[in-house]
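Note that these values count all heavy atoms, side chains included, but never hydrogens, waters or copies made by symmetry.
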Amino acid sequence: MFSPALEVLYAQPAVLAPPDVSFDGFLRRFPGLAEAEAVCLTGSIAAGWGNTFSDIDLYAFADTDIDLPVDETMEMWPGKDPALGLSWNRWIGAYGDNRVDLKVWPTATLAVVLDRYLATEVEFAATSANFQDFIYRLSVGVPLKNPDFFARMKELLDRSSYRRALARASKTEAENALTDVAGQLHSGDARTARVSATLAAWKMADSSLAFHGEVCRGQKWLLRRLERTPECGITADEYQSVVLDGARPGESNADCARRIARWTQAHLVRLEDQILSNPR
């Protein structure tokens, strides 16, 4: 008989003390970061979206090995992308009452990831999810060491065609989902059409956000992203009312799918005009 057991190696305290997110504070836990070329706080805390139980996300950049603590709270493993020739290390463990997720990257990582976007106007983004997340986290990083390094990284991202390529890719996915809505409604599969319409709305909003510079890839943060980017033309309240609040009183699944699809299509027309008017 299968009898699984759970062993708690490091119990999380019931009440968390506020973390010290200063560089001096991190150095007391990670003295090896003194040897890094640059360090930043990133993730939801850096974006202003963190909560009591959020991880503390750190990025460090170094071309030599960084010594990191070894104790009962931690795990560490390497990452590698042979296609790009990049390797990195990830350390997860305790930091006071909180948890730190620290990644140590080569200093040239962003330049390598953006290489093709710097060389030409790429039509559709095909960067892996791992490096899409890397680009986003670097874009919101709060420098703790060597702010000039992060200023150069921002300038590199601004010069690239990455945001526009990401916007075009998400726009295409939204259009494909709208085609699915039409086919599913025609075949009588209204419930699936409603799901596809919601997917189309998300991809349309994601495209508009990317076009206006917001490169977060997390769907859970969509309303936060819309609040932070009013220039994209979609408010968080509008998106919640049209998409997230579901079917309206007396509205069938088919009618709900049509309403969301029409709203999405209207925004896509507006977005397409913006993209065609601003190719670079």
* Applying the 4.5 Å side-chain criterion to the ILVMFWY set and letting contacts propagate, would L102 and I45 be lumped into a single cluster? -> yes
* Asked: Do you see a donor-acceptor pair shorter than 3.5 Å between the side chains of Q184 and S196?
  -> yes
* To do: Test side chain to side chain contact (heavy atoms under 4.5 Å, CB included) on W202 and Y239 and set out the steps.
  => CA-CA 9 Å; W202 167 44; Y239 189 91; 3.6 Å; yes
* Asked: Within a reach of under 6.0 Å around CD of E175, are more than 12 heavy atoms found that belong to other residues, nucleotides or ligands?
  -> yes
* Pairwise side-chain contact, I275 with R164, heavy-atom cut-off 4.5 Å (strictly under) -> no
* Quick check: does any side chain N or O of K203 sit under 3.5 Å from a backbone N or O of A177, one acting as donor and the other as acceptor? -> no
* Mark yes or no for whether Q132, through its side chain, and T127, through its backbone, hold a donor-acceptor pair below 3.5 Å. => yes
* Asked: Would N253 and R191 count as having a side-chain donor-acceptor pair, cut-off 3.5 Å?
  -> no
* Could you check if a side-chain atom of I66 sits within less than 4.5 angstrom of a side-chain atom of E35, using non-hydrogen atoms only? => yes
* Structure fact -> side chain to side chain contact (heavy atoms under 4.5 Å, CB included) test vs R225 passes for just one of C232, S208, C216, namely C216
* Kindly determine whether L209 and L226 satisfy side chain to side chain contact (heavy atoms under 4.5 Å, CB included), including the steps that lead there. => CA-CA 7 Å; L209 285 162; L226 291 172; 4.0 Å; yes
* Asked: W91 side chain to W77 main-chain N or O, any donor-acceptor pair under 3.5 Å?
  -> no
* Asked: Is there side-chain contact between F23 and F30, with heavy atoms separated by less than 4.5 Å?
  -> no
* Asked: Are the side chain of R29 and the backbone N or O of A94 linked by a donor-acceptor pair below 3.5 Å?
  -> yes
* Asked: Out of Y117, Y162, W88, which one pairs with F131 under the ring pair (Phe, Tyr, Trp, His ring centres under 6.0 Å) rule?
  -> W88
* Euclidean distance, L156 CG relative to D115 CG, rounded to 0.5 Å -> 9.5 Å
* For the student: nearest non-hydrogen atoms of R217 and S170, plus distance -> NH2-OG, 3.9 Å
* Does the distance from a Lys or Arg side-chain N to an Asp or Glu carboxylate O, for K171 and D206, drop under 4.0 Å? -> no
* Where do T120 and S161 land on the side chain to side chain contact (heavy atoms under 4.5 Å, CB included) test, with the steps shown first? -> CA-CA 7 Å; T120 186; S161 63; 5.8 Å; no
* CD (E75) with more than 12 external heavy atoms under 6.0 Å -> no
* To do: Check whether any side-chain heavy atom of P31 lies under 4.5 Å from a side-chain heavy atom of D67, and answer yes or no.
  => no
* Asked: What are the two closest non-hydrogen atoms of C40 and G141, and how far apart are they?
  -> SG-CA, 4.0 Å
* **More than 12 heavy atoms of other groups within 6.0 Å of R270 CZ** => yes
* Side chain proximity check, W49 to R228, heavy atoms < 4.5 angstrom -> yes
* Supply the atom-to-atom distance H212 NE2 to T229 OG1, rounded to the nearest 0.5 angstrom. => 9.0 Å
* Inspect the surroundings of CG in D65 and state if more than 12 heavy atoms from other residues, nucleotides or ligands are less than 6.0 Å away. => no
* Asked: Are side-chain heavy atoms of R163 and D158 found at a separation under 4.5 Å?
  -> yes
* **Joint hydrophobic cluster, M204 plus I260, side-chain heavy atoms closer than 4.5 Å** => yes
* To do: Kindly determine whether L58 and L41 satisfy side chain to side chain contact (heavy atoms under 4.5 Å, CB included), including the steps that lead there.
  => CA-CA 5 Å; L58 291 177; L41 178 70; 4.1 Å; yes
* Asked: Side-chain heavy atoms under 4.5 angstrom apart, residues restricted to Ile, Leu, Val, Met, Phe, Trp, Tyr: same cluster for L144 and V104?
  -> yes
* Verdict with supporting geometry, W263 and E238, side chain to side chain donor-acceptor pair (under 3.5 Å) -> CA-CA 10 Å; W263 175 83; E238 177 188 2; 2.7 Å; yes
* To do: Determine yes or no for a side-chain-to-main-chain donor-acceptor pair under 3.5 angstrom, with T42 supplying the side chain and R137 the backbone.
  => yes
* Please find out if less than 6.0 Å separates the ring center of F134 from that of W105. => yes
* To do: State yes or no: do M153 and V142 share one hydrophobic cluster built from I, L, V, M, F, W and Y residues joined by side-chain heavy-atom distances below 4.5 Å, directly or via other members?
  => no
* Should the pair D57-R99 be classified as a salt bridge under the 4.0 Å nitrogen-to-oxygen rule? -> no
* Asked: Salt bridge between R259 and D255, side-chain N to carboxylate O under 4.0 Å?
  -> no
* Structure fact -> Rounded to the nearest 0.5 angstrom, the CZ-CG distance for F26 and L33 is 9.0 Å
* Asked: Which heavy-atom pair separates A197 from A261 by the least distance, and what is that distance?
  -> CB-N, 4.2 Å
* Check whether any side-chain heavy atom of K103 lies under 4.5 Å from a side-chain heavy atom of N89, and answer yes or no. => no
* **D24 and S22: side chain donor to acceptor below 3.5 Å** => no
* May I ask you to say whether D148 pairs ionically with R152, meaning some side-chain N is under 4.0 Å from a carboxylate O? => no
* To do: Could you tell me whether R90 and D101 have a side-chain N and a carboxylate O separated by less than 4.0 Å?
  => yes
* L157 side, atom CG; Y136 side, atom OH - distance, nearest 0.5 Å -> 13.0 Å
* **Apart from L185 itself, residues in the same hydrophobic cluster as defined by side-chain heavy atoms under 4.5 Å** => V181
* Would you check if P19 and Y95 make a side-chain contact, meaning some heavy-atom pair closer than 4.5 Å? => yes
* Would you call E121-R168 a salt bridge at under 4.0 Å N-O? -> yes
* Given side chain to side chain donor-acceptor pair (under 3.5 Å), test D237 with T235 step by step and report yes or no. => CA-CA 5 Å; D237 287 343; T235 68; 5.6 Å; no
* To do: Using the side chain to side chain donor-acceptor pair (under 3.5 Å) rule, take H267 and E272 through it: C-alpha gap first, then chi angles, then the decisive distance, then the call.
  => CA-CA 9 Å; H267 275 292; E272 184 171 71; over 6 Å; no
* Nearest-0.5 Å distance that lies between atom CG in L138 and atom OG1 in T109 -> 9.0 Å
* Minimum heavy-atom distance R159-L118, with the two atoms named -> NH1-CD2, 3.8 Å
* **Salt-bridge contact D20-R28 (side-chain N to carboxylate O under 4.0 Å)** => yes
* List the atom of T52, the atom of N98, and the distance in Å for their closest heavy-atom pair. => O-ND2, 4.1 Å
* Measure the spacing between CG of L166 and CD1 of I135 and express it to the nearest 0.5 Å. => 8.0 Å
* Counting only N and O atoms by type, is there a donor-acceptor contact under 3.5 Å from the side chain of T192 to the main-chain atoms of D189? -> no
* Are V215 and F150 linked, directly or through other ILVMFWY residues, by side chains that come within less than 4.5 angstrom of each other? -> yes
* Over all atoms of both residues, closest heavy-atom pair of A205 and I234 -> CA-CD1, 4.1 Å
